[in-house]
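One structure below.
These numbers come from the heavy atoms of this one structure, side chains and all, not from hydrogens, waters or symmetry mates. Chain identifiers are assigned alphabetically (A, B, ...) following the order of the sequence lines, protein sequences preceding nucleic acid strands; residue numbering begins at 1 within each chain.
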Amino acid sequence: MIKLTRRGLIGGAAFAALFPASAHAEASQVVAGTWGGDYGDLLREGVDSAIMKPLGIEVLQDISSPVPRRTKLLAERQSRRGSMDVACLADFDMFAATQLSALEEVSEANTPRLAKVQPFLKKSHSIPQIYSAHTIVYNTDRVTMPPKSLHDLWDPKYRGKVGLSDFLYTTNTAFAAVAGGGSMTDFEPAKKKLMEWRSLDVKVLASVEAAAAALKSEEIWFTIVAAARGFMWRQSGIPLGHIIAEEGAFPTAYEAAVPKNARNKESGFKYLNAMLEPAAQQVFASKMGYVPTVSDAPLDPALDRQINFSEAERARLWKPDFGYLATQQAAVFDFWNKDFKG
Amino acid sequence: MAVFILPAGLLVCALLVAPMLMMFRISMNHYDPAAMMVEALTTENYLRAVADPYYQRVLATTLGVALSCTALTVLLAFPAAYWLSRMQSKWKSIITILTMFPLLVGNVVRSAGWIALLGSDGLINATLQGTGLTSAPLKLLYTPGAVIVAIVGIVLPYMVLTLQAVIEGIPRQVEEAAANLGARPLTVFRRVVLPLATPGVVAGSVLVFILCMNAYATPVLLGGPRFQMMAPAVYDQFSRASNWPFGAALAFILLVVTLLMTVIGSMALGRKYRTA
């Protein structure tokens, strides 16, 4: 006969009470791996509180920079259960995750708002939440004649006035490749142009935010960064403009996906759907300058003129070959570190 | 006796030795851009790390910074530790706690403070320009000097406390006896205190050297994009280049070099100042 003491009864009851509570917590909770800062705040405002909370789903933001988030997503892909229900990454990183079969397929069945996504942005395993393009951003007080071509960044009269973010080494290399006669599938000409930049005393800045500080102090007059960033910095008082050069620019989309080993896939897909709602998209446009990816999120005409791209500009945007970028990533990084910066 | 170290030993095996063995296995794999990592048994990653002039320079920079920081820390910490250990005042325990105060602040937060101090618009440059001593900001941030100064600030408490504990064990009467026999203060220090404090110097130096060799946040935040040490290089290979095998090889090279230097340094210092 089991001797049941009072202590044992209370302990057993407490133990048993954990199970339904934890199951309930999992079903009504979604862990979203995302950037922090303004992005995380807008996600909290426009998606977590505005859409997910009324659905009874609590959102926990797992905030980190994209590098450890991508590494964690790829490292966890062979685990039975992952740590994220939704992973937010830039398009290139999302491609790597897709290639390694780390993500669930998205469809109108699990994400109905996918029907409204612009066709040129659609992917098989992720949704595009916001997009912009890496362009030439320049100080309008110091550069009175706006640049027209990528080659203006190599103009000797701007010696020491071009700054490049170390974090955007792939984008910077792509610009150098096109300027050197290459393309999105031929980065070899980038090496010569990068070394030319070095001979023109180009400044390498530790982060994208450091580029803002350098533009503000006029240490640099040009940088290559997302037009959306340029918009945000202009809003903060730095006199900036951006151009899509006649040779083109590097488009960038920020995407979200549900990992295959997510603990709560159903809530994860609801989160993706919420990110594609017009109101959520418009919040990112007005505060961060990123263009909505859905066709039914109209913008104020003044804002649209500042952040969107004309048909002609959109036609000039390059079409990155992410497969090529993936095969070249290590080599591009090595050249950037060892030869260009070394 | 073995049963007392069994729990700690099991924990170390599970959480340290096992992951390191897995990492060693990864370091023998082959990197493939499409698949990220392919199972193999190859030494190509080690050969590349050892033979590549760039990574030789990174290792040399790391060793240089670690040795400089260790030497500076000993020079700065010894007088402070001696004074603290000989203190008779009621403030001794409070000052000991204040010595540990820098450890209460995280490395990233501390580095942010250094950026505010050393930046072009930082306190030092603003003061120098405001007083007319300079007309343009000095480049203080994103230099090896900034990294060394910041790392010394982090590891100094470790050295002070280690040395203090050892110097407190040196009887004051030994110094007084040497002085009575005609030895000048510098001679007392060189011939009596320093040899007796050698175990503390060795222990503190080993601890500080290991911490400096593995410094990550400070070189990344204060060294700038062109300054590379081994720990950030390992991180970059894992996260930015997705080259896990090569990153693992770099990590093990860092481990082996740190271990070798630690053993050689301990033996050399210990032999030089071995007491009779």
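- Taking the centre of each ring, Phe246(B) and Tyr55(B) come in below the 6.0 Å mark.
- At a 4.5 Å heavy-atom cutoff, Asp32(B) makes no contact with chain A through either its backbone or its side chain.
- For a residue to count as touching a neighbouring chain, one of its non-hydrogen atoms must lie under 4.5 Å from one of that chain's; by this rule Leu205(A) touches chain B with the backbone only.
- Between chain B and the options Val332(A), Asp93(A), Asp334(A), the largest number of non-hydrogen pairs under 4.5 Å is found for Asp334(A).
- Of the atoms belonging to Gln329(A), it is side-chain heavy atoms, and not backbone ones, that fall under 4.5 Å from chain B.
- In this structure, no portion of Ala331(A) lies under 4.5 Å from any heavy atom of chain B.
- Here Tyr324(A) and Phe187(A) bring their ring centres to under 6.0 angstrom of each other.
- Top candidate by heavy-atom pairs under 4.5 Å with chain B, chosen from Phe167(A), Phe333(A), Tyr169(A), is Phe333(A).
- Within a 6.0 Å sphere centred on CE of Met195(A), heavy atoms belonging to other residues, nucleotides or ligands number more than 12.
- A salt bridge does not link Arg48(B) with Glu44(B): none of the charged nitrogens is closer than 4.0 Å to a carboxylate oxygen.
- Of the N and O atoms on the side chains of Tyr39(A) and Gln129(A), at least one donor lies less than 3.5 Å from an acceptor on the other residue.
- The existence of a salt bridge linking Lys123(A) and Asp91(A) is excluded, since no basic side-chain nitrogen approaches an acidic carboxylate oxygen closer than 4.0 Å.
- For chain A, the option among Ala241(B), Ala233(B), Pro225(B) with the highest count of heavy-atom pairs below 4.5 Å is Pro225(B).
- Of the atoms belonging to Phe227(B), not a single heavy atom falls under 4.5 Å from chain A.
- The closest side-chain donor-acceptor pair between Glu219(A) and Ser120(B), if any, does not fall under 3.5 angstrom.
- In this structure, the ring of Phe250(A) has its center no less than 6.0 angstrom from the ring center of Phe175(A).
- Relative ring orientation between Tyr158(A) and Trp221(A) is described as perpendicular, the plane-to-plane angle rising above 60° on a 0-90° scale split at 30° and 60°.
- Using a 4.5 Å cut-off between non-hydrogen atoms, the part of residues 335-342 of chain A that approaches chain B consists of Asn337(A), Lys338(A), Phe340(A), Lys341(A).
- In this pair, Phe24(B) and Tyr46(B) present their aromatic rings tilted. The plane angle is within the 30 to 60° band.
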